[in-house]
Chemist: 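Structure in structure tokens, see below.
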Amino acid sequence: MRQDVIVGGPFDLDATLESGQAFRWERHTRGWVGVASGHPFLLSWKQGVLSVDSPSCENPGGWARRYFDLETDYQALCERLRCLDAAVSTAVDFAPGLRLLRQEPWEALLAFILSTNNNIPRIRRLVNRVSLRWGERLSAAEHCWWALPSPSVLATATEQQLRECGVGYRAPFLIDAARKVSSGDVDLVRLESLTTAEARIVLQRIKGVGRKVADCVLLFGLARRDAFPIDVWIKRRLEEHYFDGQGTRIKALHEFAASQFTDDAGYAQNYLFYHTRTASMAIRKKPRGWQPR
DNA sequence: TGCCAGGCCTTCC
DNA sequence: GGAAGGCATGGC
């Protein structure tokens, strides 16, 4: 089924899907293809209309409104963020249509366990390999897609099998997450009813889930917009703009973010991360001999 | 060839 | 409590 969704406010499909929030989207001649919430999708964007096509999702428009955070007034959000300070204002102006995705909690948990000490292209490959080996095959006209494996299925994987997929030392972390989630020891549905701080503590009981991974799950999988994941890029950006150089403790950075960005912290983080990383990569890709004017 | 990547865990002090 | 070192792997 295909549905068109009229999007109000800034919307940047490319930036959103390549921003490192989700790892199962690929560019396609007609837009983007990928798997989310157990369904394959073809997405295209033209003149304020998001076209959402899926062979299995019964309400692709409704799915898109939730997934792409379309109920949030990004015009007002961007204006609020621009008033905060120069760094956030610059990041917002760089890609105002960058959306904060709302993924399934399990997808965010699995992907961000794989993200530790890793890079985005490789995270994407690893999520796909794990899906290919343990996920359910989905029917789609032009592509073969595999859903993310359920926690109960992934719980049957051995450490050796996961290592064969290239996940390295993260193999036992994935198994622990799958076992705890499938047994109900960590109830991802119940996390919805907890405060952000309480949910963070529960998530950090999973091996391989520290403060940063937990915050990513909270922000991208549970829509906790007060969560503020601090990775190497964000740490660098905060230190260079708000603090006096390197060596600032993570705890101090979290306290600063909470007081500076309050309930919009997650949005601010998303803009800051995308701007900092994209700008840095662009500089890296300059040809040899390139000099700034 | 060495550094780095959306960090975390263990050990040691 | 905080610092240091190790960890799998592959792109650049």
Side-chain angles (χ1 to χ4, degrees), chain A residues 15-25 91 95 98-101 103 105 107-130 133 157-177 180 186 200-222 224 227-239 246-255 257 265-288 290:
Chain A
T16 301
L17 295 183
E18 70 188 12
S19 64
Q21 299 179 65
F23 304 94
R24 303 216 64 200
W25 294 100
L98 178 68
R99 295 281 166 152
L100 203 42
L101 295 177
Q103 304 174 59
E107 176 171 358
L109 176 60
L110 191 155
F112 283 97
I113 284 174
L114 290 174
S115 78
T116 60
N117 204 19
N118 211 342
N119 57 66
I120 290 174
R122 192 158 167 267
I123 298 164
R124 193 170 284 132
R125 271 196 303 280
L126 294 179
V127 174
N128 281 329
R129 278 186 208 162
V130 169
R133 180 144 185 179
T158 67
E159 184 174 330
Q160 179 59 33
Q161 288 171 329
L162 279 162
R163 285 181 184 271
E164 287 167 6
C165 288
V167 307
Y169 64 89
R170 306 169 192 86
F173 300 162
L174 284 182
I175 292 172
D176 189 60
K180 283 196 167 90
V186 170
R200 182 183 294 120
I201 290 171
V202 173
L203 286 167
Q204 288 191 234
R205 283 172 34 212
I206 297 167
K207 289 176 189 167
V209 178
R211 172 70 191 252
K212 192 269 173 182
V213 171
D215 280 339
C216 285
V217 177
L218 289 166
L219 181 58
F220 304 125
L222 288 157
R224 298 304 173 93
F228 190 88
I230 298 181
D231 71 328
V232 291
W233 297 97
I234 287 292
K235 182 173 190 293
R236 213 173 284 155
R237 185 67 179 128
L238 293 183
E239 286 179 335
Q246 300 177 2
T248 313
R249 294 190 203 291
I250 296 289
K251 187 182 175 188
L253 298 178
H254 275 297
E255 288 170 354
Y267 290 107
Q269 193 275 1
N270 205 35
Y271 283 115
L272 285 170
F273 174 79
Y274 183 72
H275 175 235
T276 304
R277 180 173 175 278
T278 307
S280 173
M281 302 293 270
I283 290 171
R284 251 189 247 177
K285 284 181 180 174
K286 297 280 184 212
R288 287 176 185 278
W290 179 86

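A, B, ... follow the sequence lines: proteins, then strands. Residue 1 opens every chain.
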Chemist: Are any side-chain N or O atoms of A/Q204 and backbone N or O atoms of A/A214, one a donor and one an acceptor, separated by less than 3.5 Å?
Modeler: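 Looks like no, no N/O pair under 3.5 Å.
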
Chemist: Please tell me which of A/G168 and A/R125 maps to the more 5' nucleotide of DNA chain C, matching each residue to the nucleotide holding its nearest heavy atom.
Modeler: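 Nearer the 5' end of the strand: A/G168.
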
Chemist: Measure CZ/A/R211 against P/C/dG2 and give the value in whole Å, please.
Modeler: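 Going from CZ in A/R211 over to P in C/dG2 covers 14 Å.
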
Chemist: Checking A/R170 side chain against A/T116 main chain: does a donor-acceptor pair fall under 3.5 Å?
Modeler: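 Yes, the answer is positive, given that a donor and an acceptor are paired below the 3.5 Å cut-off.
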
Chemist: Contact class for A/G20 (heavy atom, under 4.0 Å): base, sugar-phosphate, or nothing?
Modeler: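 Result for A/G20 = base.
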
Chemist: Under a 3.5 Å limit for both distances, which nucleotide forms a Watson-Crick or G-U wobble pair with C/dA8, could you say?
Modeler: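 Matched C/dA8 with nothing under the 3.5 Å cut-off.
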
Chemist: Which nucleotide in the list C/dC7, B/dC8, B/dA5 gets nearest to the side chain of A/R236?
Modeler: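 Closest nucleotide to the A/R236 side chain: B/dA5.
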
Chemist: Is the phosphate of C/dA3, meaning OP1 or OP2, less than 4.0 Å from a side-chain N or O of A/R249?
Modeler: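 Yes, within the criterion.
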
Chemist: Check whether the side chains of A/R237 and A/H275 place a donor and an acceptor atom closer than 3.5 Å, and report yes or no.
Modeler: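 Short answer, no.
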
Chemist: Nearest to the side chain of A/F173, heavy atoms from C-beta on, is which of B/dA5, B/dC9, B/dG7?
Modeler: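 For A/F173, the side-chain atoms sit closest to B/dC9.
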
Chemist: Nearest-nucleotide wise, let me know which of A/P121 and A/N117 is further upstream toward the 5' end of DNA chain C.
Modeler: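 Looking at the nearest nucleotide for each, A/N117 comes out on the 5' side.
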
Chemist: Examine distances only and state if a side-chain atom of A/E159 and a backbone atom of A/I175 form a donor-acceptor pair shorter than 3.5 Å.
Modeler: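 Such a contact is absent between A/E159 side chain and A/I175 backbone.
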
Chemist: Tell me what A/Y274 touches on the nucleic acid: a base, only sugar-phosphate, or nothing, going by heavy atoms under 4.0 Å.
Modeler: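 Since no nucleic acid heavy atom lies under 4.0 Å of A/Y274, the category is nothing.
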
Chemist: If I take atom CD1 in residue A/I113 and atom P in nucleotide B/dC8, what distance separates them, rounded to the nearest angstrom?
Modeler: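 Atom-to-atom, A/I113 to B/dC8, this comes out as 10 Å.
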
Chemist: Of all the nucleotides listed (B/dC9, B/dA5, C/dA8), which has the minimum atom distance to the side chain of A/V232?
Modeler: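 Among B/dC9, B/dA5, C/dA8, the one nearest the side chain of A/V232 is B/dA5.
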
Chemist: Could you work out the separation of B/dC4 and C/dG5 based on their P atoms and round it to a whole Å?
Modeler: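 Straight-line distance between the two P atoms is 16 Å.
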
Chemist: Taking OH from A/Y169 and P from B/dG7, how many angstroms apart are they, rounded to a whole number?
Modeler: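 Going from A/Y169 (OH) to B/dG7 (P), I get 8 Å.
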
Chemist: Expressed in whole Å, how much space separates the P atoms belonging to C/dA8 and B/dT11?
Modeler: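 The answer is 15 Å between these two P atoms.
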
Chemist: I want to check something: taking the side chain as every heavy atom from C-beta on, are A/L238 and A/F228 in contact at a cut-off of under 4.5 Å?
Modeler: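 Yes, at least one pair of side-chain atoms sits under 4.5 Å.
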
Chemist: Rounded to whole angstroms, how far apart are CD1 on A/I230 and C1' on B/dC8?
Modeler: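 A/I230 atom CD1 is separated from B/dC8 atom C1' by 16 Å.
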
Chemist: What's the CZ-C1' distance between A/R129 and C/dG10, to the nearest Å?
Modeler: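 Going from CZ in A/R129 over to C1' in C/dG10 covers 9 Å.
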
Chemist: Could you walk me through whether A/R224 and A/R200 pass side-chain contact (heavy atoms from CB on, under 4.5 Å), step by step?
Modeler: CA-CA 11 Å; A/R224 298 304 173 93; A/R200 182 183 294 120; over 6 Å; no

Chemist: Across the strands shown, which category fits A/R277 at heavy-atom distances under 4.0 angstrom: base, sugar-phosphate, nothing?
Modeler: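 It contacts sugar-phosphate atoms only.
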
Chemist: Measuring from the side chain of A/N119 (C-beta onward, heavy atoms only), which nucleotide among B/dC9, B/dA5, C/dC7 has the closest atom?
Modeler: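 Shortest atom-to-atom distance from the side chain points to B/dA5.
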
Chemist: Considering Watson-Crick and G-U wobble pairs with both distances under 3.5 Å, what does B/dT1 pair with?
Modeler: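 No nucleotide pairs with B/dT1.
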
Chemist: Which whole-number value in Å describes the distance from A/L174 CG to B/dG7 C1'?
Modeler: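 Going from CG in A/L174 over to C1' in B/dG7 covers 14 Å.
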
Chemist: Hey, which of these two, A/I206 or A/S115, hits DNA chain B nearer its 5' end, going by closest nucleotide?
Modeler: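 The residue mapped nearer the 5' terminus is A/S115.
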
Chemist: Looking for any heavy atom pair under 4.0 Å, which part of the strands does A/V167 touch: base, sugar-phosphate only, or nothing?
Modeler: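 It contacts nothing in the nucleic acid.
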
Chemist: Just the rounded figure in Å: distance from C1' of B/dG7 to CG of A/L253.
Modeler: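 In whole Å, B/dG7 C1' and A/L253 CG are 15 Å from each other.
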
Chemist: Within the structure, does a side-chain N or O atom of A/R163 lie under 4.0 Å from either OP1 or OP2 of C/dA8?
Modeler: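 Checking A/R163 against C/dA8: at least one side-chain N or O falls below 4.0 Å of OP1 or OP2.
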
Chemist: Just how far, in rounded Å, is C1' of B/dC9 from CZ of A/R170?
Modeler: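 It works out to 13 Å between those atoms.
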
